Amino acid sequence: MSWLFAALLSVTVIAVAMTCVAYLTWIERKIAARFQNRIGPYFVGYPHGWLQPLADVAKLIVKEDITPRDVDRVLYNLAPVLAVVPALLGFAFIPFLPGWAVVVHPYSMLFFLAFASLTLLGVFAAGWSSNNKYALISSLRMVAMLVSYEIPLLLALMVPALMAGSFNLVEIVEFQRGLPFLLYPGIGQVSFAIFFIATLAESNKSPFDLIEAESELIAAYNVEYTGMKFALFYAGEYAHTFAISGLAATVFLGGYLGPAFLPGPVWLVLKMLAVFVLVLWVRWSFLRLRIDHALALNWKILFPLSLVNLLVAAWWVVTRGAA
Amino acid sequence: MASLGSTIFGSFNAMGTTFRNFFRRATTIQYPKVQRPIPRQWRGGTFALTIDPATNEENCIGCRLCEYICPSQIIHVTLRKGDKRENGVGATYADEFTLDFEACMQCELCVQVCPTDAIVMTRSLADCTYTREGLFLSKERLLDHGRTLIERPDDTSFATGTRLREWTAASRGVQKGNDEGAPA
């Protein structure tokens with residue numbers, strides 16, 4: 001019956017994740033409004049716009065779906081799906097309790113990262129098939145950013161994997177049991193900082209949202225999309241950010257571990273939300289970097305720093321024999 | 001590397017600024033439900049021709065001063081001689097009085113020159129319409145606004161011809177009460 005369990009769990013996870021993604025837009029709008037001394041959504045769902053996401057979804061569904069004449073139809077229609085599915089697949093590997101993940105696998109962290117990177121495919125397919133120079137440039141920027149920032153991201157994630165001696169997310173969480181908040185002494189914080197910056201760059205959040213630089217590129221790779229397909233890209237983006245927040249919460253913040261007055265999954269979701277709010281905080285605090293500055297930051301600072309950090313972590317593991 | 005340090009410092013500084021603003025009160029309001037009080041000397045409203053509440057007669061004497069001073073040339077008045085008013089304001093009337101609010105630039109000069117405080121601006125947010133005709137204020141509409149001003153005195157703008165002339169006279173050092181045109 002383990003397949004039935006996995007199926008039920010996956011349906012639950014997808015339903016919860018998609019609802020979360022819808023409400024993340026509401027959270028983002030409310031928090032963005034607070035950062036700008038505004039109120040944000042208010043009237044739809046009276047006290048504080050609780051029903052705004054539902055209204056948005058209803059609106060997007062009834063919107064006209066335009067397919068431009070000169071697009072590559074197959075890729076054009078496939079791209080929104082390609083953008084959402086890998087992001088949702090990421091949730092499959094996050095353990096909600098020991099053994100409570102949709103996919104329990106000894107290399108779950110690697111699988112997660114592989115699927116997280118696949119989001120790129122949808123974006124690039126959209127940019128390429130749209131037959132629009134702005135969309136194409138935007139998706140090329142996305143590729144440049146992702147190829148660059150993937151390296152410090154992976155090197156930063158190698159540190160917890162190295163210390164826990166495993167790529168299994170459950171084991172990495174269990175390794176953090178008894179460790180002080182925000183992980184391993186010294187090395188972990190640097191690793192988390194690198195990971196966080198690289199995450200911002202990978203999920204195209206400000207200050208690295210170069211792919212949607214309105215002044216240069218109109219909007220982004222999704223210029224030619226309308227209605228629900230357009231919304232799927234947004235859902236994919238939020239799902240991706242939330243999944244990466246889940247990875248950060250699992251690998252660095254102790255995942256489902258927490259004081260016993262709340263159950264493990266609640267702790268995990270709270271930590272994910274905390275990371276998400278941190279992303280928003282950064283987003284509304286900084287200006288967009290120029291593309292060469294963004295790449296220089298990666299190659300000149302983050303990449304060497306993450307290498308040094310990994311070496312220090314390896315030295316720590318060897319001397320302490322933690323693995 | 002000095003620039004790297006200042007970059008990091010600046011980053012935390014920026015995040016501190018947004019953090020402080022996060023806990024500040026919202027400066028926006030939910031407009032249709034909550035409305036800010038309109039300032040006393042508000043000059044953004046629409047126009048009204050006032051009516052003397054005692055005798056229920058219009059104050060306009062059709063002198064056409066507002067028509068002459070209007071920089072946008074949107075006021076048109078035709079004069080009619082008639083019987084003397086009960087309140088003794090005068091024996092002339094505006095037969096037609098039209099104000100094309102569409103081109104009005106809210107300079108308030110017409111209010112300033114009006115000898116009988118007949119034309120005033122209202123202290124309400126300007127009416128929005130979907131047509132150009134909706135912004136064309138005929139005499140009937142202006143008098144309608146005047147009747148609502150009797151019911152809601154709070155909507156009357158502070159500025160009337162008399163008050164504005166007193167202000168400008170005071171700032172020029174002219175003694176009060178010099179102005180012959182102002183009614184008692």
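Below, chain A is the first sequence line, B the second, and so on; all start at residue 1. Quick caveat: nothing in here was measured; it's all calculated off a predicted structure.
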Between B/T27 (side chain) and A/N37 (backbone), is there a donor-acceptor pair under 3.5 Å? yes
Going by atom types only, do B/S124 and B/T122 share a side-chain donor-acceptor pair under 3.5 Å? yes
Top contributor to chain B contacts, counting heavy-atom pairs under 4.5 Å, from A/W284, A/W281, A/Y42, A/F286: A/W281
Among B/T17, B/T18, B/I29, single out the residue with the greatest number of heavy-atom pairs under 4.5 Å to chain A. B/T18
Honestly, the part of B/F19 sitting under 4.5 Å from a heavy atom of chain A is both
Given a strict heavy-atom distance threshold of 4.5 Å, which part of B/R20 is in contact with chain A: side chain, backbone, both, or neither? neither
Hey, do the aromatic rings of A/W299 and A/Y149 have their centres closer than 6.0 Å? no
Is A/I31 in contact with chain B via its backbone, its side chain, both, or neither, using a 4.5 Å heavy-atom distance? both
Please tell me whether A/F252 and A/F196 form a close aromatic pair, meaning their ring centres lie under 6.0 Å apart. no
Hey, can you tell me if A/W26 and A/W50 have their rings parallel, tilted or perpendicular (30° and 60° cut-offs)? parallel
